[in-house]
Novice: 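Dropping the structure in here first, questions after.
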Protein chains: 2
Amino acid sequence: MKQMPTLLDAYKAENRIRSMIRETPLMEAPALARQTGAKSIHLKMECRQHTGAFKARGAANKILSLNKEAGTRGVITFSTGNHGKAVAYMAGRCGIPATVCLSENVPAYRVDMIRRLGAQVAIHGRSQDEAETHYQALIQTHGYTPVVPFDDPLIIAGQGTIAIEILAKLPEAQVLLIPLSGGGLLAGVAMVAKSINPDIHIVGLSIERSPAMVESLKAGKPVQVEEKQSIADSLLGGIGFDNHFTLKMVAQFVDEHLLISEDDIKAGMFYLFDTHRTVAEGAAAVGVGAMLSGRIDVRRKRVVTVVSGGTVDTATYLQIMQEQLERTCHP
Amino acid sequence: MKQMPTLLDAYKAENRIRSMIRETPLMEAPALARQTGAKSIHLKMECRQHTGAFKARGAANKILSLNKEAGTRGVITFSTGNHGKAVAYMAGRCGIPATVCLSENVPAYRVDMIRRLGAQVAIHGRSQDEAETHYQALIQTHGYTPVVPFDDPLIIAGQGTIAIEILAKLPEAQVLLIPLSGGGLLAGVAMVAKSINPDIHIVGLSIERSPAMVESLKAGKPVQVEEKQSIADSLLGGIGFDNHFTLKMVAQFVDEHLLISEDDIKAGMFYLFDTHRTVAEGAAAVGVGAMLSGRIDVRRKRVVTVVSGGTVDTATYLQIMQEQLERTCHP
């Protein structure tokens, strides 16, 4: 069995993917700090990463680690969207064929985006888990290398490079607020941050509508939760029944868990648009939403949250912004 | 009289302001290139500059060139907004007192922004020219150094650093599409670009509703035009009756002029939001708007346009995006 990734694996990842990814800005949010009483708040702008989400890091690390033979056969993945885009994009840049398996729940605009990046798309089943079954069959038939969305040491180490960048710029950071679904982002960031600074406080932010990891932590094993719609659609989905890494790593490295409501997510999205002219998807706004609503006390702390992506349907986004604007103007 | 700025002045500016400004991304727009037949289109993302607009460059260059005595007395400016913000911000970072004179036409949200950056605000008159008269009186009384919005060699050289960054990354650029109002941005960018590559084609983009520079070029001297409302409010205003630099430089270095309609500007703003998740103000979207509408033929060319700023009222912006979305869905 493969080993749990370490800080050294994240440093190797950083070196491997450097030329393929963007070092994203760590942007200060002084008005939000004043409003919440924090000493400082910084936004790690992964919404400006290639393909619009942090997923490009893990995908690059995995794909650049393939041997030549595996690269020639190609890669395959299943994904609710951003991971699929990242795999399609990074495979394309490396000249490697890619197949992306999606469930029927994935919005059409996301399917289009993946096709435009040059990957083959295979749509099957009503949930991420059903799409996974179909994808297993394709692996058997074609010998593709699976690039899983989160439960892989190379993927986790790739996402962990975000924490290297954060602590290189802001070593005095005290609290990290990180979106949580399958746990690839959180496991990587938490492992790296705790390895560099054991006193840093790591908070995992799950959505109320799909807290699969939180329920799995309670049960001590992977648990399936009902999939509901959420504006933070990137945070929908389970953690996989055969979870080897992210469940253990989240249990080991994460200090606190919060469940974020749809209203708080929308308020976070509007704040990022109105104050920072940043288009964040729901999943990316959970940290700002949690702070705005007072769900977490950040007084006198130096806080960083990862604004993880910007993939959101234009009409849906504008509708939410309009609702939030009206709520702000006529409270 | 002061000399017209040269390429060397822009290099000195680049060196002087480097630690105070952001090197903004030069972002590729492959879908827009496909749609217009261009070989490539790149967006120079000055909307991500400090204070949300390119104006930070010129202001930094001017303020960092002050001697100690002038710095202690402080600076003053009049501005429709982005220049005032840039002066307030850069003066604040350098510990220099700043006064910003505004006309009554300037939207309240812009006045608030300048106050929040720590500058004194003096509101007077109904046009930029009337605000200028009041500002002359304050200069006499207090000995402030004027930081004018565009007609100053140091300001022009500062804005010219944008072209140094563009050509360092993309020396094969063939066409530059640059917003035009008072001409500080266009004069600086055109002078630098033509000095590095005399064959580059420079297009100035004015708004139909306030083509002061274009009318002045026709007349051979500064001409006042009626101020109408425009969604590209940063491009409103005259070129100053006592214009020494930008009128001559625009006449010398610019190859082509286009007038852009409000509809084309709005279409450009929506495209930048919908495709690039970029919040651009009207003035910043004239280049994309001109290409989308076919007002300029960019087939087989390598094109760069400067997305000059992101200062726009939230409610106004959302209303335009919603209208454009409905137009796209139900044409």
Side-chain angles (χ1 to χ4, degrees), chain A residues 22-28 30-31 34-35 43 45-53 82 85 89 92-93 109 112-113 115-118 269-281 284 307 309-330, chain B residues 22-28 30-31 34-35 43 45-53 82 85 89 92-93 109 112-113 115-118 269-281 284 307 309-330:
Chain A
R22 294 191 182 127
E23 184 183 336
T24 54
L26 188 64
M27 203 166 73
E28 204 166 353
R34 274 196 302 278
Q35 189 175 334
L43 311 171
M45 300 292 281
E46 286 296 301
C47 52
R48 297 197 193 152
Q49 190 52 266
H50 289 303
T51 67
N82 278 326
K85 273 169 73 185
Y89 171 81
R93 273 184 66 180
Y109 74 97
D112 284 347
M113 275 190 273
R115 284 214 179 96
R116 261 185 273 139
L117 290 164
M269 292 171 77
F270 183 72
Y271 188 89
L272 285 164
F273 169 70
D274 192 39
T275 307
H276 294 279
R277 291 291 178 255
T278 292
V279 180
E281 60 179 88
V307 181
T311 305
V312 51
D313 174 62
T314 293
T316 309
Y317 184 81
L318 289 176
Q319 195 187 328
I320 293 166
M321 293 305 103
Q322 197 63 49
E323 285 166 12
Q324 295 293 314
L325 178 71
E326 281 156 22
R327 185 172 296 194
T328 312
C329 297
H330 321 285
Chain B
R22 294 191 183 126
E23 184 182 338
T24 54
L26 188 64
M27 206 165 74
E28 205 165 353
R34 273 196 301 279
Q35 190 174 332
L43 311 171
M45 300 291 281
E46 286 296 301
C47 52
R48 297 195 192 152
Q49 190 51 266
H50 290 302
T51 67
N82 278 327
K85 274 168 72 186
Y89 171 81
R93 273 183 67 181
Y109 73 97
D112 285 347
M113 276 191 270
R115 283 213 179 95
R116 261 185 272 138
L117 290 165
M269 292 171 76
F270 183 73
Y271 188 90
L272 285 164
F273 169 70
D274 192 40
T275 307
H276 294 280
R277 291 293 177 252
T278 293
V279 180
E281 60 179 270
V307 181
T311 305
V312 52
D313 174 63
T314 293
T316 308
Y317 184 81
L318 289 176
Q319 195 188 327
I320 293 167
M321 292 306 103
Q322 198 62 50
E323 286 166 11
Q324 295 293 314
L325 179 70
E326 280 157 23
R327 185 173 296 194
T328 312
C329 296
H330 320 285

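Throughout, protein chains are lettered first and strands after them, A, B, ... in sequence-line order, and every chain is numbered starting at 1.
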Novice: When rounded to the nearest 0.5 angstrom, what is the spacing between CD in B/Gln324 and CG in A/Leu318?
Specialist: 11.0 Å
Novice: At their closest point, which heavy atom of A/Arg277 faces which heavy atom of B/Asp313, and how far apart are they?
Specialist: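 Looking at all heavy atoms of both residues, the shortest contact is NH2-C, 4.1 Å.
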Novice: Looking only at heavy atoms and a cut-off of under 4.5 Å, which of B/Arg22, B/Arg48, B/Met27 has the most pairs with chain A?
Specialist: B/Arg48
